[in-house]
Asks: 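The structure that follows is given in the form of structure tokens.
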Amino acid sequence: MKTLSITSMMMVGAVIAGCAPAAKERQLQQFITAHVGKIKPMEKAANLASWQAANTGKSEDYDKAGELTLQLRRAYSNAEEFAYLKKTKGAGQIKDGALARQLDVLYNAYLENQIEPELLKKIVDLGTQIEKNFSTFRGAIEGRKVTDNEIREILKIETDSAKRKQAWVAGKQVGPAVAGDLVRLVKLRNQAAQKLGFDNYHRLTLAAGEQDVRELDRIFNELYELTNEPFAKLKADLDRILAAKYGVTVAELMPWHYHDPFFQESPMVYDLDLDAYYQDKNVKELATEFYAGIGLQVDSILARSDLYERQGKNPHAFSTDIDREGDVRILCNLKNNEYWMETILHELGHGLYDKYHDLDAPFLLRRPAHSFSTEAIAMFFGRLSRNPLWIKQMLRLSDQQRGEIARVSGKYAQLKQLIFARWAMVMYEFEKQLYANPDQDLNSLWWKLVEKYQFVKKPAGRNEPDWAAKIHFTIAPCYYHNYMLGELLASQLHHHLVREVLGLESDGSVSYVGQKNVGRFLDDKVFQPGAVYHWNKMIERATGEPLTAKYFVQQFVE
Ligand SMILES: [Zn+2]
């Protein structure tokens, strides 16, 4: 028998190694082509139906949109197709970068939809039940039922501490009404995740969103360390103001003294009325002019959008990419005030991200790198509506007017961001621990975290499921941390643009007005790549480092 030389053995090896992956890659490409051929028209139809429903408010339109969305989700629940994707991913034979990326995206989309129908039905039904209890429950003050708006109003304007306490307690009464069901829901979700091989549902959700708990822990710990001192100082200032306002000592301040039921928003203790500056301007024209000035064209988006109030129409705002081929629309209910200035800048930020995806990229990768990365772009632009220099330049104000705005707007930006960051830490940590062990003493856990992160005291002897009063645990599980990551990325992009793209030492004179290279940078590094790279790789390619909390702290703590 003839022995093969070392060289020819290596060649045989090379041929086998080279051949099998090529066949696997061809097979995967065929799968993707067939899959895209199927879901592309379904996705477009579902998006158009949702758009229609949001515009008309008709229940038959909502039913149709719901049905089409469900059909699309069902296309991702096929167990055989999932098994094929899992095997292909596990074998590690897909070497082509774009193909491997599409495989990851597909695998995650299928993963989220692999819960067996019976269990899924239980989860959906229980979730709907809790949501319904939320929307119909009314807390009571001295036996009188009150709405959430009434509670918020009292927490904003009432100066009597006893009355504030009653309102705060009323806002938490929904907790005991839903807590038992919510714990049951958490256990059902865990059951589904464990069947798919995950420790718990929190881990599954993170994995499907390409997030790793260690990486998130690292980012949140960094944020915690960096904001500890500045938050303590800022909160001490705030506490002095609030204590004086309510005629109590700082030591007597309780959760009901902080205006927002969860202290997630900044109490309005400094005067700032930006609406006066916007009321005789046109926010749509301002947004169009600003974006054109940085080289990003919103005209094609606005031409398809629905911008003004109408009977039956969805009263909020959103952006939607109908077909991943340039049909991008926003829905707004514009008025000429600061809120809608921020909102149209925000929604057009989402819209531009989608509009400028590279149309030559594979269909599956023509979407933002992550839901928080598109939120970051939207926040980055939305923040400008309160930027004194931006307002001055866009609204052609005097230096004196700019000075008046700057005196309070900087303070509010700081308060708003730091208060939200500390609150987001409570949400992230609680949810992580809730899914890790739903049988623990959750009432104590909640207050332990509130005291640790928000520096808000637990009322003596309180043992109620105050955590359960937060609806996000029910309707948007394991998602809240993404709001915070969006803020961090918005600041990281801001820092990079200021230093590296504009070449400035600080952001003191930055309004971005007229800066074409800013639009060009975002287009090249963020919009065009879409989901071609994992979100953290996209961030690293754009800014030179992975996602970090330090620039958020730099921007809002100095
Ligand atoms: Zn948004």
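Numbers here are sequence positions counted from 1. Read the numbers this way: they start at 1 and go in the same order the structure lists the ligands and their atoms.
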Asks: In Glu375, which N, O or S atom comes closest to the Zn ion (ligand 1)?
Replies: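 In Glu375, the heteroatom (N, O or S) nearest the Zn ion (ligand 1) is OE2.
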
Asks: Would you say Glu347 reaches the Zn ion (ligand 1) with an N/O/S atom under 2.8 Å?
Replies: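 Here the distance criterion (N, O or S atom, under 2.8 Å) is not met by Glu347, so no.
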
Asks: Run the salt-bridge test on Arg324 and Glu43 with the 4.0 Å N-O cut-off and return the result as yes or no.
Replies: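 Yes, this pair counts.
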
Asks: Among the N, O or S atoms of His350, which one sits nearest to the Zn ion (ligand 1)?
Replies: NE2

Asks: Scan Tyr428, Phe552, Phe372 and name whichever one has a side-chain contact (heavy atoms from CB on, under 4.5 Å) with Leu485.
Replies: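 That would be Phe372; it is the only one of Tyr428, Phe552, Phe372 passing the side-chain contact (heavy atoms from CB on, under 4.5 Å) with Leu485.
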
Asks: Where does the angle between the aromatic ring planes of His481 and Tyr479 fall among parallel (under 30°), tilted (30 to 60°) and perpendicular (over 60°)?
Replies: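 It falls in the tilted class, 30° to 60°.
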
Asks: If you measure from the Lys or Arg side-chain nitrogens to the Asp or Glu carboxylate oxygens, is any gap between Arg304 and Asp327 under 4.0 Å?
Replies: yes

